[in-house]
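Numbering of ligands and ligand atoms starts at 1, following listing order. Side-chain atoms are counted along with the backbone in the values below, which use heavy atoms only and exclude waters and symmetry mates.
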Amino acid sequence: MGSLKGRHFLTLRDFTPEEITYLIDLAAKFKDMKRRGIPHDVFKTKNVALIFEKTSTRTRCAFEVAAHDLGMGSTYLDPSGSQIGKKESIADTAQVLGRMFDGIEYRGFAQDRVETLANYAGVPVWNGLTNEYHPTQILADMLTIREHFGDLKGRKFVYMGDARYNMGNSLMIGCAKLGLHFTACAPEKYFPNADLVEECKEWAETSGGSVTLETDPEKAVKGADVIYTDVWVSMGEPDEIWAERIKELSPYKVTMELMNKASDEAIFMHCLPAFHDLETKIGAEMGERFGIKDMEVTDEVFQKNAEIVFNEAENRMHTIKAVMAATLGYEEK
Ligand code: CP
Ligand code: NVA
């Protein structure tokens, strides 16, 4: 495998299974170094820019802590505090930031915005979530599954809910490339884009995995090792669609009853934030409007799997560190 130095990290479609595995392995090494207090601040002269056109807790904190651990400075540009898109184009912004920073993270809307940024920046650009993809999340998820089961290949992974958006797409790609059996379980209109499904089926043929689309939750989860879900309405989607999503996706909620139909060792995963109770502004509002007490997952399932879900959140930092380090030219001793 060649060096990843200078590469952008925009979607896992651009990376081979070997490269993805390398990044997961590197993250595991950084995690171990951090635990043992071994410094790895090898990029003391470097700085990174973190552009967030959508809000974030995990991704922002992961990039900031990882950059600091690597010895780098970081500058956070929030959804309202910069000129991006309003007074200055993405192309111009990329050329300005590319002259000051050694790498740029972008979270925002359409994938073509992060691609434009990458085309003009002249330094590595990392996708911190777009409407279409969330590739750093998938590295964290795969590290978490591997830590739990000891392997990835051959594991049965079921994604429940809105499977046509960033998380469904990216998990399908990650599973297909790394040899997991991926099932998207949703009403047909929420199935991932047909071209992407075909592309993933081809990768799965090489990796020994598979890609299945299923509308019946009971059938989908039979023998599953991992049941994964995400919010039913993503950032940037209009408030008016809540009613429709709750109606259409409620049969795909992850409940104890569903977990009990999976493998005996099955785990539940979620990229977070999750609506597993009414302890949030939106959760409370939906609870009141629709008479519900949770959405995509019940509190019981969530609490029972809290250790896994929060390991997953922690692993965002270790994997994002690996992505930055590898693309900035980190050399293992
Ligand atoms: N999972 C994730 O990307 O979380 P944030 O939106 O908090 O960054
Ligand atoms: N699908 C969600 C993922 C959040 C990490 C969103 O885009 O809001």
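- The nearest heavy-atom contact from the protein to atom 7 (O) of ligand 1 is T57 N, 2.7 Å.
- When all heavy atoms are compared, the tightest approach of I104 to A121 is CD1-CB, 3.8 Å.
- L129 does not count as a contact of ligand 1, since none of its heavy atoms falls under 4.0 Å from the ligand.
- Figure legend: cation-pi geometry between R60 and Y76, with NZ or CZ positioned under 6.0 Å from the six-membered ring centre and within 45° of its axis.
- Of the protein's non-hydrogen atoms, the one nearest atom 4 (O) of ligand 1 is R58 NE, 2.8 Å.
- Residue L272 has at least one heavy-atom neighbour below 4.0 Å for each of these atoms of ligand 1: 1 (N), 2 (C), 4 (O).
- Atom CZ of residue R316 and atom OG1 of residue T59 lie 3.5 Å apart, to the nearest 0.5 angstrom.
- For atom 2 (C) of ligand 1, the nearest protein heavy atom (residue, atom name, distance) is R316 NH1, 3.2 Å.
- The shortest N/O to N/O separation between T55 and ligand 1 does not fall below 3.5 Å.
- Distances between N or O atoms of D230 and those of ligand 2 include at least one value under 3.5 Å.
- Shown here is K304, whose NZ atom has no more than 12 heavy atoms of other residues, nucleotides or ligands within 6.0 Å.
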Report the C-alpha distance between D32 and K34 in whole Å, list the side-chain angles of each, state the deciding distance to 0.1 Å, and finish with yes or no for salt bridge (charged side-chain N to carboxylate O under 4.0 Å, His left out). CA-CA 5 Å; D32 182 55; K34 176 115 178 159; over 6 Å; no
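- Rounding to the nearest 0.5 Å places OG1 of T144 at 9.5 Å from NE2 of H318.
- Polar contact check, Y165 against ligand 2: no nitrogen or oxygen pair lies under 3.5 Å apart.
- Of the protein's heavy atoms, R107 NH1, 2.9 Å lies nearest to atom 6 (O) of ligand 1.
- For atom 4 (C) of ligand 2, the closest non-hydrogen atom on the protein side is L129 CD1, 3.9 Å.
- Inclusion of P273 in the set of residues having an N or O under 3.5 Å from an N or O of ligand 1 is not warranted.
- In this structure, the protein non-hydrogen atom closest to atom 8 (O) of ligand 2 is M235 N, 2.8 Å.
- Residue contacts with ligand 2, taken as heavy atom pairs separated by less than 4.0 Å, do not involve D162 at all.
- Of the inter-residue distances, the one linking H276 atom NE2 with K253 atom NZ reads 12.5 Å to the nearest 0.5 angstrom.
- The atoms of ligand 2 that sit less than 4.0 Å from any heavy atom of L272 are 5 (C).
- Salt-bridge formation is not detected for the pair E132/R13: no Lys NZ or Arg NE/NH1/NH2 atom is positioned less than 4.0 Å from an Asp or Glu carboxylate oxygen.
- Under 4.0 Å is where a charged nitrogen must lie from a carboxylate oxygen, and between R164 and E237 no such pair does.
- For the pair H134 and ligand 1, a heavy-atom separation below 4.0 Å is found.
- Within the model, atoms CH2 of W232 and CG of D162 stand 11.0 Å from one another, a figure rounded to the nearest 0.5 Å.
- The protein atom (non-hydrogen) at minimum distance from atom 7 (O) of ligand 2 is N166 ND2, 2.8 Å.
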